[in-house]
Amino acid sequence: MSGPSDYQPSNPALQWIERRLPILGLMHSSFVAYPTPRNLNYWWTFGAILSFMLGMQILTGVILAMHYTPHADLAFKSVELIVRDVNYGWLLRNMHACGASMFFFAVYVHMLRGLYYGSYKEPREVLWILGVIIYLLMMATGFMGYVLPWGQMSFWGATVITNLFSAIPYFGESIVTLLWGGYSVGNPTLNRFFSLHYLLPFLIAGVVVLHVWALHVAGQNNPEGVEPKSEKDTVPFTPHATIKDMFGVACFLLLYAWFIFYMPNYLGDADNYIPANPGVTPPHIVPEWYYLPFYAILRSIPNKLAGVIGMFSAIIILCFLPWLDAAKTRSSKYRPLAKQFFWIFVAVCILLGYLGAQPPEGIYVIAGRVLTVCYFAYFLIVLPLLSRIETPRPVPNSISEAILAKGGKAVASVAIALVAAGALFLGSLQDARANEGSDKPPGNKWSFAGPFGKFDRGALQRGLRVYKEVCASCHGLSYIAFRNLAEAGGPSYSVAQVAAFASDYKIKDGPNDAGDMFERPGRPADYFPSPFPNEQAARAANGGAAPPDLSLITKARSYGRGFPWFIFDFFTQYQEQGPDYVSAVLQGFEEKVPEGVTIPEGSYYNKYFPGHAIKMPKPLSDGQVTYDDGSPATVAQYSKDVTTFLMWTAEPHMEARKRLGFQVFVFLIIFAGLMYFTKKKVWADSH
């Protein structure tokens, strides 16, 4: 453990500061000379990864907060304007949104490592409890952050989760009203969540300081579970642990960058690209993946209050782990039965996550109840029982006597198994979020797919023409300005062409000096005007159904591709379910309704639309739009072109994102390689 430091800086100015505020000596004793067990494996690197991710989340969050508007009418639009108009706003948003998932992934690995190696046992009980407190604060922060985009899943997720507090006797309704700031989720709720989401990360950072302090007082645990007995058992934290952590962080950043630059929407929900609508409930209200095991526990218990107690108990029980497991041997490496039950517990958690993504019906509810019992039985029955009946294998007398390389292949195989299980879990999540009641759209080859994909400029220009001549009569593009048509990565029009294009539109402006509104020709700075003055007018003109804005339609629609495609999609970076769906719906109209299918009057049959009944009549027909470049004037070509254009409206910076991603990947690979060989050299004499 670290104690008073004898470090003295050589610089006179630093010496003056050190005599009055020995901050340099504290840092030297804690992060340079601090004795670290020499047998720590890469699972211990996740502590450094979590520190890095916390810093990234705070930094990106503060910058995003400068541009975000916490108002129910403006929040969704402000997020989109951050992505579209703020310099590298798309990068900040992706880093923050994907960073939340990476943060939770790292904390779950960190917690499971502590569970496997007994890092909660004496004298590290306070260290473990502080870690559980950090986890609870993370869950609260993540939930509040998920609400801020104010999309459909954000709004309804907030409604469902906050309603859980109403199950508390006597005070429940008052707590819910306090959280909401009224009698339903609305603008006061959003303001409260924004304030708390901004505050809690700094509180987390404070508890992390206590966590590190407790770590340096008690000393680090290690894979053997024995305390260091001599200098042969330890190495200085810097450079040994520092360089090893830097290599681990570099490898983790490769995974992080994979999501930021190539799969930013893989872990999200398509419904969150639809503005919050209190009148339309999503078919499946599913939280983020890192909450799903606890969500499954909540739903598996029929009584609301008991479900809430069970959900929170599943986390709080971790605080009592040091006393539930009374075994003298710390590491499961020397406890054969404990090791087997540990991996069964991991499987139970993954399966609970799978069930949390499924509809609460039938076999899913029964399986959830069985696994909930298994979850609590591990802590309340298995661990106390094993501490009494299990005979562990002999533990080494000291770290220096342990065979450090032993078990490396087993750990690698377990890691591979966990990755495969995680892929299965994420795939199940995609299936749960699929559009129900419709045929799966056929896959297409899109020019913009893959890590090096780019928009086809001809297709973008043709798609714009189809939109203007066909779609614009009913659908708006409220997030696209005419000037965007001349920006890099778009349809590649000149500034003069954009000005001429904009002048064809009439824009309502004013008031003028007389106080009257007037119409004027469009300018490049104007946004595409809506075809209707308000939603009521849109519904009245379309049989009661409001045509959606098309700016984000390719990201707001999705479908599940099922096993094994979701595994391939992760590695091939296939994210084009939205474009596949839009293109399929445009081509899915059939005049003859199949036998046994009934659709409401005033609706049209579409085999790819959920429920097959759509209010929109068939929009496209062969020969409807004439192309100047001689491309086929067919429905298939129109559909592909307008979908490509709509993909650009949803992701105008996609090409810049992928180009920067390639550069970042090259840098990270080189950096990771340098860190690896530096680590080998630093550790050469320590083994």
Side-chain angles (χ1 to χ4, degrees), residues 1-2 34-48 108-132 211-212 214-235 237 240-241 244-245 248 318-346 378-379 382-415 418 686-687:
M1 61 184 147
S2 57
Y34 174 66
T36 304
R38 66 171 61 241
N39 63 333
L40 297 186
N41 56 37
Y42 282 109
W43 297 122
W44 264 261
T45 304
F46 280 87
Y108 283 136
V109 174
H110 192 63
M111 291 169 68
L112 289 172
R113 185 268 295 167
L115 196 62
Y116 182 83
Y117 289 113
S119 297
Y120 49 85
K121 292 180 180 291
E122 186 184 4
R124 300 178 179 87
E125 299 94 333
V126 172
L127 172 66
W128 176 261
I129 292 171
L130 286 170
V132 176
H211 188 65
V212 174
L215 173 69
H216 283 71
V217 169
Q220 286 182 295
N221 188 29
N222 60 85
E224 310 306 322
V226 296
E227 298 297 333
K229 294 180 174 61
S230 66
E231 291 185 359
K232 293 182 179 180
D233 294 338
T234 62
V235 291
F237 187 86
H240 294 80
K244 193 172 185 178
D245 286 346
L318 295 171
C319 292
F320 300 94
L321 195 54
W323 298 276
L324 291 171
D325 182 10
K328 300 300 182 183
T329 302
R330 288 198 186 100
S331 177
S332 294
K333 184 176 180 181
Y334 299 100
R335 301 176 61 192
L337 288 177
K339 180 189 297 186
Q340 299 300 323
F341 279 105
F342 170 82
W343 292 115
I344 292 173
F345 172 75
V346 172
Y378 178 74
F379 295 106
V382 173
L383 290 180
L385 189 61
L386 287 179
S387 64
R388 293 177 179 273
I389 67 172
E390 184 178 27
T391 302
R393 293 191 290 111
V395 177
N397 292 323
S398 65
I399 293 174
S400 57
E401 292 183 5
I403 304 173
L404 303 182
K406 189 176 180 181
K409 293 182 178 179
V411 171
S413 63
V414 168
L418 282 176
S686 299
H687 287 306

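Basis for what follows: all heavy atoms, side chains included, without hydrogens, waters or symmetry-related copies. We count residues from 1, following the sequence as given.
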Inset, instruction - Take atom CZ of F320 as the centre, draw a 6.0 Å sphere, and report whether it contains more than 12 heavy atoms from other residues, nucleotides or ligands. - result: no

Inset, instruction - Decide, yes or no, whether a salt bridge links K229 with E224 under the criterion of side-chain N to carboxylate O below 4.0 Å. - result: no

Inset, instruction - Flag the pair K339 and E390 as a salt bridge only when some basic side-chain nitrogen lies within less than 4.0 angstrom of an acidic carboxylate oxygen. - result: no

Inset, instruction - State whether the side chain of R113 and the backbone N or O of Y42 hold a donor-acceptor pair below 3.5 Å, judged by distance alone. - result: no

Inset, instruction - Would you indicate whether the side-chain heavy atoms of L115 and Y378 approach each other to under 4.5 Å? - result: yes

Legend entry - Pairwise side-chain contact, R38 with T234, heavy-atom cut-off 4.5 Å (strictly under): no

Inset, instruction - Using the six-membered ring wherever Trp is involved, compare the ring planes of F237 and Y34 and label them parallel, tilted or perpendicular (cut-offs 30° and 60°). - result: tilted

Inset, instruction - Determine yes or no for a side-chain-to-main-chain donor-acceptor pair under 3.5 angstrom, with R330 supplying the side chain and E122 the backbone. - result: yes

Legend entry - Nearest-0.5 Å distance that lies between atom CD1 in I389 and atom CG in L337: 6.5 Å

Legend entry - Heavy-atom donor-acceptor pair, R124 side chain to Q220 backbone, under 3.5 Å: yes

Inset, instruction - Report the residues that fulfil salt bridge (charged side-chain N to carboxylate O under 4.0 Å, His left out) with D325, sequence neighbours left out, ordered by chain and then residue number. - result: K121, R335

Legend entry - Y116 and W343 aromatic ring geometry - parallel, tilted or perpendicular at 30°/60° bounds: tilted

Legend entry - Where P384 and F379 come nearest, the two heavy atoms and their spacing: CD-O, 3.2 Å

Inset, instruction - Please tell me if the side chains of L383 and F345 come closer than 4.5 Å, counting only heavy atoms from C-beta onward. - result: no

